[in-house]
There are 2 protein chains.
Amino acid sequence: MPNYYEPCQCGRVSEVLQRVGDKWSVLVIMMLGDEALRFNELRRRIGGISQRMLTLTLRTLERDGMVNRTVHPTVPPQVEYALTPLGRSLWEPVEALGKWAHQNLPNIDRARQAYDSANGVAASAHEAEEA
Amino acid sequence: MPNYYEPCQCGRVSEVLQRVGDKWSVLVIMMLGDEALRFNELRRRIGGISQRMLTLTLRTLERDGMVNRTVHPTVPPQVEYALTPLGRSLWEPVEALGKWAHQNLPNIDRARQAYDSANGVAASAHEAEEA
DNA sequence: CGGAATCCATATCGATACTG
DNA sequence: CAGTATCGATATGGATTCCG
């Protein structure tokens with residue numbers, strides 16, 4: 001039996017998992033899969049991310065050794081982001097998970113509908129509670 | 001080229017990924033790997049989770065078709081939780097990710113130390129800012 | 001262009017208390 | 001035992017503004 005989630009490092013592993021679960025981190029990793037991208041190009045491709053969050057996400061990924069930040073000292077400034085080998089190695093299990101998610105979205109949707117109709121739709125859509 | 005993260009379902013997939021990244025959901029799935037567990041037993045094994053969060057996590061996982069909730073109408077009440085086939089199928093890619101996380105924790109730690117010493121430790125430990 | 005800083009709304013979560 | 005309900009602290013994230 002694998003024991004890499006035993007108490008001692010459980011929190012640490014969980015911490016990494018959370019990064020993967022982070023909405024933007026995964027998208028950034030996906031987008032940078034095979035090419036380096038500039039800040040705003042990355043932002044445009046992801047879509048819906050604020051510049052603040054993209055900055056924060058990139059900083060964290062950079063600190064964790066997932067992405068590489070390269071500044072070209074031009075005018076105007078040009079900054080390129082690319083995956084490091086570590087980042088690329090993360091890409092694979094993430095892709096597997098993405099594949100699973102994509103394949104099972106219908107199952108999840110069906111399960112939700114079944115659950116909601118069994119327990120009352122109003123229970124989950126709790127914005128309908130009156131005064 | 002796989003396109004399961006194309007714009008249309010990108011958000012949906014991301015949503016599933018977030019569930020995986022959810023601190024407690026993964027731990028619950030791990031704990032329920034091969035056996036059914038009762039509420040408090042599950043809580044004890046996870047450790048550090050409030051009863052509120054365990055309830056919420058289990059409800060969500062149940063709604064998504066990941067876990068099965070079985071109530072034995074005894075006194076006192078006895079409720080058992082177990083993974084559904086869908087939940088078990090999620091276990092595999094999650095395990096792969098957990099394995100990656102465990103293997104690469106040292107790399108991440110080293111990357112962080114390098115980053116911090118390069119950019120100034122005070123920058124990341126920003127609790128030291130004076131009045 | 002890329003990013004830092006500030007402000008503010010909301011979401012998340014833990015602690016606590018009460019219930020069938 | 002297995003929850004539900006409420007409350008308050010904190011984390012998260014968007015919008016905006018300013019700067020090199």
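Sequence lines set the chain letters: A, B, ... in the order given, protein chains first and strands last, and positions in each chain run from 1.
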Would you mind reading off the distance between [X] atom [atom1] and [N] atom [atom2], rounded to a whole angstrom?
{"X": "A:I46", "N": "D:dG14", "atom1": "CD1", "atom2": "C1'", "answer": "15 Å"}
{"X": "A:M53", "N": "D:dT16", "atom1": "CE", "atom2": "C1'", "answer": "16 Å"}
{"X": "B:K23", "N": "C:dC13", "atom1": "NZ", "atom2": "P", "answer": "9 Å"}
{"X": "B:L54", "N": "C:dT12", "atom1": "CG", "atom2": "P", "answer": "17 Å"}
{"X": "A:L42", "N": "C:dC1", "atom1": "CG", "atom2": "P", "answer": "14 Å"}
{"X": "A:D22", "N": "C:dA11", "atom1": "CG", "atom2": "P", "answer": "17 Å"}
{"X": "B:Q78", "N": "D:dG3", "atom1": "CD", "atom2": "P", "answer": "12 Å"}
{"X": "A:R43", "N": "C:dC1", "atom1": "CZ", "atom2": "P", "answer": "11 Å"}

So which protein N/O to nucleotides 3-7 of chain C N/O distances come out below 3.5 Å?
| from | atom 1 | to | atom 2 | distance (Å) |
| --- | --- | --- | --- | --- |
| C:dG3 | OP1 | A:R69 | NE | 2.8 |
| C:dG3 | OP1 | A:R69 | NH2 | 2.4 |
| C:dG3 | OP1 | A:Y81 | OH | 3.0 |
| C:dG3 | OP2 | A:Y81 | OH | 2.8 |
| C:dA4 | OP1 | A:R59 | NH2 | 3.1 |
| C:dA4 | N6 | A:Q51 | NE2 | 2.4 |

Using only heavy-atom distances, determine whether the side chains of A:N40 and A:R43 contain a donor-acceptor pair under 3.5 Å.
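There is no such pair between these side chains.
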Apply side chain to side chain contact (heavy atoms under 4.5 Å, CB included) to the pair B:F39 and B:E80, showing each step before the final yes or no.
CA-CA 7 Å; B:F39 187 87; B:E80 278 198 340; over 6 Å; no
Are there over 12 heavy-atom neighbours, none belonging to A:E92, within less than 6.0 Å of that residue's CD?
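Atom CD in A:E92 is not crowded, with 12 or fewer foreign heavy atoms closer than 6.0 Å.
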Show your reasoning for whether salt bridge (charged side-chain N to carboxylate O under 4.0 Å, His left out) applies to B:E62 and A:R112.
CA-CA 9 Å; B:E62 191 194 355; A:R112 284 184 189 173; over 6 Å; no
Is there a path of hydrophobic side-chain contacts, each under 4.5 Å between heavy atoms, that joins B:I49 and B:M66?
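Looking at the clustering, B:M66 is in the same group as B:I49.
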Using heavy atoms to find the nearest nucleotide of DNA chain D for A:G48 and A:P77 separately, return the residue whose nucleotide is more 5′.
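Counting from the 5' end, the first nearest nucleotide belongs to A:G48.
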Pair A:R12, B:D109 - check salt bridge (charged side-chain N to carboxylate O under 4.0 Å, His left out), show working.
CA-CA 10 Å; A:R12 302 295 322 282; B:D109 283 337; 2.9 Å; yes
